[in-house]
**Q** 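Just passing along the structure, written as structure tokens.
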Number of protein chains: 2
Amino acid sequence: MHTCEHCEARSFNMCNALDADELARLASIMSDQRFEAGTTFIEEGAPADDLFNLTSGTVKVFKLLADGRCQITGFMMAGDFLGLSRGGTYAYSATAITPVTCCRFQRPQLRGLFNELPKIERQMLGLAMNELMAAQDQMVLLGRKTARERIASFLLSLSDRAVRRGRPGNPVELPMTRGDIADYLGLTTETVSRTFTQLKGEAVILLKGNHGVDIQDLDALVEIAGQEDREACFHPFDQIA
Amino acid sequence: MHTCEHCEARSFNMCNALDADELARLASIMSDQRFEAGTTFIEEGAPADDLFNLTSGTVKVFKLLADGRCQITGFMMAGDFLGLSRGGTYAYSATAITPVTCCRFQRPQLRGLFNELPKIERQMLGLAMNELMAAQDQMVLLGRKTARERIASFLLSLSDRAVRRGRPGNPVELPMTRGDIADYLGLTTETVSRTFTQLKGEAVILLKGNHGVDIQDLDALVEIAGQEDREACFHPFDQIA
DNA sequence: CACAGGCATTGATTCAGGTCAAGGATTGTT
DNA sequence: AACAATCCTTGACCTGAATCAATGCCTGTG
């Protein structure tokens with residue numbers, strides 16, 4: 001049984017602000033859950049009964065067009081929450097790309113807890129704002145960056161996220177496939193592959209099998225990504241006011 | 001002097017949940033402000049001292065790359081809030097594209113009010129979630145839709161927003177320039193113009209000068225936009241839980 | 001260990017949308 | 001009314017990334 005006190009995701013998720021008693025209260029309405037790699041546990045359009053808070057593993061969040069085109073709107077990791085709804089149904093689908101553990105909440109119960117512990121609500125507002133800012137960065141990437149810039153930005157942002165979670169920023173772990181990366185960056189598998197090869201040829205990165213990239217020349221990568229505001233990239237707990 | 005009781009934005013912004021006393025409390029820390037068309041009143045990177053709540057007019061929110069490429073992340077209208085910050089500085093720039101009126105709050109004071117009136121915080125969480133879902137839709141558009149699909153989706157979403165604000169959904173008002181539309185949809189001015197011309201040629205729309213579009217064949221436009229989930233498009237007050 | 005199925009790379013070719021360039025239509029100003 | 005100044009449209013051409021098509025490489029399974 002998972003206990004919140006030892007949760008490795010605790011320092012950067014919605015539980016962060018809670019003391020031991022409040023944590024126990026939260027735990028009482030929560031159930032631990034595990035999903036195998038490949039499991040789609042949220043389906044766009046299905047009744048949005050639950051909310052999830054990831055504690056380990058990586059999840060892809062995506063939307064599909066009628067003809068099968070896919071846009072991945074984010075890769076979720078420990079501390080991220082999942083389950084946005086629109087009119088009572090999920091706004092997107094979510095599939096585990098590695099084995100995943102998470103806390104599961106039923107909506108009505110969580111709503112009750114919000115009234116009891118407004119701190120949680122505030123914490124979630126902060127998380128939502130951060131996600132909104134990340135979404136805006138992604139719009140810049142999708143609307144205005146070249147394939148090369150997209151790949152460079154992607155590697156840097158994965159590296160940053162790893163560091164923020166207390167893991168090494170290099171080499172970068174890529175749990176997802178080339179196809180997933182393409183669906184996240186608005187490209188095709190082939191273009192992703194070609195761009196990796198190109199950066200490898202320039203000695204900017206080194207490919208370590210299919211799921212790892214060693215950054216050999218960080219400055220060059222930052223230069224290519226063209227995002228002046230790199231360090232400003234993610235204050236963990238900005239609040240709206 | 002503007003009074004909250006008669007505010008036309010009240011029914012769809014963060015003040016929605018407040019009673020008369022609470023509204024007065026809010027008004028006490030707020031100042032009315034007006035900006036002429038063309039005024040950039042939020043600059044990315046500047047100290048984020050204020051938060052704004054639009055009451056009329058249209059604002060473009062955008063981010064710039066070092067070489068001048070621009071991505072507009074949203075057009076804000078009555079009821080929308082502005083002023084997201086990251087590490088104490090604004091996360092984007094904002095320019096009025098029509099004359100704009102808004103309520104201005106100083107951050108520290110608003111923070112104090114959040115503690116007093118948690119209802120506001122909840123209301124803002126709902127607004128933020130809605131914005132996040134809109135951002136995800138925009139990622140699908142930017143990453144995976146064709147120019148034709150983008151333009152059709154754009155016209156429909158403007159029409160929907162007008163209806164939600166109690167205005168006619170047709171003809172659609174376009175206060176922004178072709179260049180702004182391009183910067184929002186990840187296209188160029190020329191492609192926007194050509195696509196309008198093409199849709200006009202197919203009798204799907206009718207151009208009414210530079211700032212109006214008459215939708216002649218709504219079904220065709222919906223078909224072209226390819227967004228199955230049109231009616232689900234924006235429950236005004238979905239809450240996180 | 002072998003082998004099957006998915007995943008990744010690479011090459012050849014195409015095409016949607018970008019770029020460059022020239023007029024035409026609005027809009028606000030004196 | 002004449003004018004800039006800006007915005008919009010249209011045309012000709014180009015190019016970055018998509019598509020089509022092999023082939024090679026992992027990785028998990030019996």
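Here is the naming used below: chain letters follow the sequence lines, and residue numbers restart at 1 for every chain. None of the values given here were measured: they were computed from a predicted structure.
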**Q** Scan A/T188 against the nucleic acid and name what it touches under 4.0 Å (heavy atoms): base, sugar-phosphate only, or nothing.
**A** base

**Q** For DNA chain D, whose closest nucleotide is more 5', that of A/G209 or that of A/T191?
**A** A/T191

**Q** What's the closest nucleotide to the side chain of A/T146 if the choices are D/dA17, D/dT10, D/dC8?
**A** D/dA17

**Q** Base, sugar-phosphate alone, or nothing: which one does A/G186 contact when heavy atoms must sit under 4.0 Å apart?
**A** sugar-phosphate

**Q** Measure from the side-chain heavy atoms of B/R194 and tell me the nearest of D/dT9, C/dT10, D/dA12.
**A** D/dA12

**Q** What integer distance in Å separates B/I181:CD1 from D/dC8:C1'?
**A** 11 Å

**Q** Evaluate the ring planes of B/F41 and B/F35, with Trp represented by its six-membered ring, and classify them as parallel (under 30°), tilted (30 to 60°) or perpendicular (over 60°).
**A** parallel

**Q** Distance check needed: C/dT13 P versus A/E190 CD, whole Å only.
**A** 16 Å

**Q** Could you check how far NZ of B/K200 sits from P of D/dC8, rounded to whole Å?
**A** 14 Å

**Q** Indicate whether OP1 or OP2 belonging to D/dT9 is found under 4.0 Å from a side-chain N or O atom of B/R178.
**A** yes

**Q** Taking CD from A/Q198 and C1' from D/dG16, how many angstroms apart are they, rounded to a whole number?
**A** 11 Å

**Q** Using a cut-off of 4.0 Å on non-hydrogen atoms, how would the nucleic acid contact of A/L207 be classed: base, sugar-phosphate, or nothing?
**A** sugar-phosphate

**Q** Where is the tightest heavy-atom contact between A/V172 and A/G169, given as atom of each residue plus distance?
**A** CG2-O, 3.7 Å

**Q** Considering just the side-chain nitrogens and oxygens of B/S193, establish if one lies under 4.0 Å of OP1 or OP2 belonging to D/dT10.
**A** no

**Q** Could you state the atom-to-atom distance from CD of A/E149 to P of D/dG16 in whole Å?
**A** 12 Å

**Q** If I take atom CZ in residue B/R69 and atom P in nucleotide D/dG16, what distance separates them, rounded to the nearest angstrom?
**A** 13 Å

**Q** Whole Å only: how far is the CZ atom of A/R144 from the P atom of C/dT19?
**A** 8 Å

**Q** Do other residues, nucleotides or ligands put more than 12 heavy atoms under 6.0 Å from B/E43 CD?
**A** no

**Q** Between A/D80 and A/R164, is the closest basic N to carboxylate O distance under 4.0 Å?
**A** no

**Q** I need the CZ-P distance between B/R148 and C/dG17, as an integer number of Å.
**A** 11 Å

**Q** Picking from C/dT26, C/dT19, C/dT10, which would you name as closest to the side chain of B/N210?
**A** C/dT26

**Q** Quick one: is C/dG6 close enough that its OP1 or OP2 comes under 4.0 Å of any side-chain N or O from A/T177?
**A** no

**Q** Can you tell which of B/D180, B/T177, B/D183 makes a side-chain hydrogen bond (donor to acceptor under 3.5 Å, both in side chains) with B/K60?
**A** B/D180

